[in-house]
Amino acid sequence: MNRQVLLPILKKHEYMILPESVGCYKLKADHDVYREAGSLDNFSIHFVVAGAGYVEIDRKQYMLKKGDAFLYFPEQEQRYYSSEEDPWSVRWVHFYGNPLHTFLSEIGFGRFILWRLPNLDKLEQTHEQLLQEAEENSFLQLSTLSTLTYAFLSTFTNIAVPSESNSRQELDVRIQSLLPKMQEKAPEPFDLEYWAKETGVSTFYFCRLFKRVTQMTPMAFITLCRLQWSKQLLLEEKELTVKEIAERSGYPNPSYFNKLFLENEGMTPTKYRQMYV
């Protein structure tokens with residue numbers, strides 16, 4: 001069943017991201033789209049849930065199948081179409097919002113058009129929630145509509161990996177895949193050589209790659225993870241002293257931990273704990 005909801009563009013809501021249209025096509029052999037550069041002033045994400053289709057980039061044709069996706073920025077030339085022999089089922093959303101260009105560019109999503117989705121079911125679920133909200137309430141509940149658009153985009157940016165395969169892109173993906181493990185091991189002594197070895201590069205190149213992917217240094221990332229860890233302990237392990245929490249969070253020197261916590265959180269660990277008593 002084909003479903004499509006078209007919504008008005010509400011430009012005065014500059015701090016929201018909102019869909020201009022959202023929908024899905026099932027086994028649609030005649031789905032064929034061409035848009036000239038400059039003709040569409042919104043972002044769009046399409047992802048294939050069955051069948052096959054094609055995207056053309058610089059006159060080169062790329063086949064897409066289940067689990068493939070493409071992302072267009074505003075005013076990009078767009079050319080995509082379903083396979084006639086194996087028509088695709090595709091879900092999409094066209095969306096807009098002032099923060100989007102900066103946000104997506106900074107996290108590297110402006111570099112590629114084609115993407116792979118290792119967890120397709122999760123994205124399909126968030127898309128279905130957005131589509132149902134648009135079908136049931138149109139734009140009458142803007143905060144909910146925007147929240148669901150954010151949820152869809154956040155899911156996409158967290159699971160999508162570039163389809164194009166070259167060494168630089170593969171290394172970017174490798175760095176991204178290390179982040180959960182680095183977060184888990186953040187309270188342990190930080191070993192730059194270990195993480196560089198995990199990536200298969202020198203320590204110098206690892207730092208450059210990490211900064212390119214995350215917009216921060218490895219140590220800055222570890223610091224954020226440790227502080228997050230310490231905040232959880234402050235609230236959940238009330239029998240622990242601040243000194244013990246500092247040690248468990250990776251800071252044997254409690255004075256340094258207090259200084260770092262104050263610089264990042266604007267208050268001492270003790271004050272932070274008292275706020276939630």
Side-chain angles (χ1 to χ4, degrees), residues 4-23 35 37-47 69-78 80 91-117 119 122-135 137-163 169 172-173 175-176 179-180 183 209-217 220-221 223-225 227-228 231 264-266:
Q4 175 175 297
V5 181
L6 303 177
L7 299 157
I9 294 178
L10 306 170
K11 293 190 175 180
K12 69 176 182 178
H13 297 278
E14 57 182 324
Y15 298 110
M16 292 184 174
I17 67 168
L18 292 163
E20 182 272 335
S21 67
V22 56
R35 297 186 178 97
S39 63
L40 194 65
D41 190 25
N42 59 42
F43 295 81
S44 67
I45 293 173
H46 294 66
F47 61 101
F70 52 99
L71 163 66
Y72 284 118
F73 270 52
E75 302 188 357
Q76 278 188 298
E77 181 183 48
Q78 301 183 12
Y80 53 91
R91 287 178 173 263
W92 84 89
V93 57
H94 291 266
F95 56 102
Y96 60 95
N98 283 352
L100 286 171
H101 203 288
T102 300
F103 167 66
L104 289 171
S105 296
E106 285 183 350
I107 62 174
F109 277 77
R111 300 203 301 268
F112 316 112
I113 292 176
L114 304 180
W115 299 85
R116 282 290 301 162
L117 305 170
N119 191 344
K122 187 174 182 180
L123 188 66
E124 191 169 1
Q125 180 182 4
T126 57
H127 182 272
E128 179 62 25
Q129 291 170 345
L130 174 59
L131 179 54
Q132 287 183 11
E133 174 62 27
E135 288 174 329
N137 297 306
S138 184
F139 63 97
L140 299 181
Q141 298 187 30
L142 277 184
S143 59
T144 301
L145 191 65
S146 182
T147 297
L148 291 172
T149 308
Y150 269 111
F152 171 78
L153 181 60
S154 176
T155 301
F156 178 81
T157 56
N158 275 288
I159 68 175
V161 295
S163 289
Q169 292 155 12
D172 282 3
V173 172
I175 292 288
Q176 193 72 40
L179 297 182
Q183 185 178 37
L209 289 171
F210 197 93
K211 183 70 178 289
R212 186 174 75 204
V213 171
T214 67
Q215 310 303 311
M216 67 181 82
T217 65
F221 176 77
T223 298
L224 289 178
C225 294
L227 289 174
Q228 180 187 21
K231 288 163 74 174
N264 282 269
E265 301 297 327

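When a residue number appears, it is its place in the shown sequence, counting from 1.
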Return the [atom1] to [atom2] distance between [X] and [Y], rounded to the nearest 0.5 Å.
| X | Y | atom1 | atom2 | value |
| --- | --- | --- | --- | --- |
| Leu114 | Leu71 | CG | CG | 10.0 Å |
| Leu104 | Thr157 | CG | OG1 | 7.5 Å |
| Leu209 | Gln176 | CG | CD | 12.5 Å |
| Thr147 | Gln129 | OG1 | CD | 11.5 Å |

One pair to check against side chain to side chain contact (heavy atoms under 4.5 Å, CB included): Met216 and Leu224. What are the steps and the verdict? CA-CA 10 Å; Met216 67 181 82; Leu224 289 178; 3.9 Å; yes
Mind checking side chain to side chain donor-acceptor pair (under 3.5 Å) for [X] and listing every partner two or more places apart, or none if nothing turns up?
| X | value |
| --- | --- |
| Gln4 | Tyr25 |
| Ser39 | none |
| Gln228 | Gln183 |
| Glu77 | Tyr34 |

ring-ring contact (aromatic ring centres under 6.0 Å, His included) involving [X] - partner list, sequence neighbours excluded:
| X | answer |
| --- | --- |
| Phe103 | none |
| Phe210 | Phe206, Phe221 |
| Tyr80 | His31, His46, Phe70 |

So if I apply the ring-ring contact (aromatic ring centres under 6.0 Å, His included) rule between His127 and each of Phe152, Phe156, Phe95, which one comes out positive?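 When Phe152, Phe156, Phe95 are each tested with His127, the ring-ring contact (aromatic ring centres under 6.0 Å, His included) holds only for Phe152.
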By side chain to side chain contact (heavy atoms under 4.5 Å, CB included) - contacts of [X] (at least two apart):
| X | value |
| --- | --- |
| Lys122 | Asn119, Thr155 |
| Gln76 | Tyr72, Phe73, Ile113 |
| Glu128 | Arg3, Arg91, Leu131, Gln132 |
| Ser21 | Leu6, Trp92, His94 |

Are the side chains of [X] and [Y] in touch, meaning some heavy atoms are under 4.5 Å apart?
| X | Y | value |
| --- | --- | --- |
| Ile159 | Leu123 | yes |
| Leu100 | Leu153 | yes |
| Leu7 | Ser138 | yes |

Say whether, by atom type as modelled, one donor and one acceptor occur between the side chain of Ser105 and the main chain of Thr102 under 3.5 angstrom.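 Side chain of Ser105 to backbone of Thr102, a donor-acceptor pair under 3.5 Å: no, none is there.
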Quiz: residues 139-146 side-chain donor-acceptor pairs under 3.5 angstrom, not counting sequence neighbours:
{"unit_1": "Ser146", "atom_1": "OG", "unit_2": "Ile17", "atom_2": "N", "d": "3.4"}
{"unit_1": "Ser146", "atom_1": "OG", "unit_2": "Ile17", "atom_2": "O", "d": "3.0"}

Least distance between heavy atoms, [X] atom then [Y] atom:
| X | Y | result |
| --- | --- | --- |
| Leu130 | Pro19 | CD1-CG, 4.3 Å |
| Pro8 | Tyr96 | O-OH, 3.5 Å |
| Val5 | Ala134 | CG1-O, 3.7 Å |

Candidate pair Glu75 and Asp41, rule side chain to side chain contact (heavy atoms under 4.5 Å, CB included), full reasoning: CA-CA 6 Å; Glu75 302 188 357; Asp41 190 25; 4.3 Å; yes
Determine the interplanar angle of the Trp115 and Phe112 rings, folded into 0 to 90°, and report it as parallel if under 30°, tilted if 30 to 60°, perpendicular if over 60°.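 The rings of Trp115 and Phe112 stand perpendicular, inter-plane angle above 60°.
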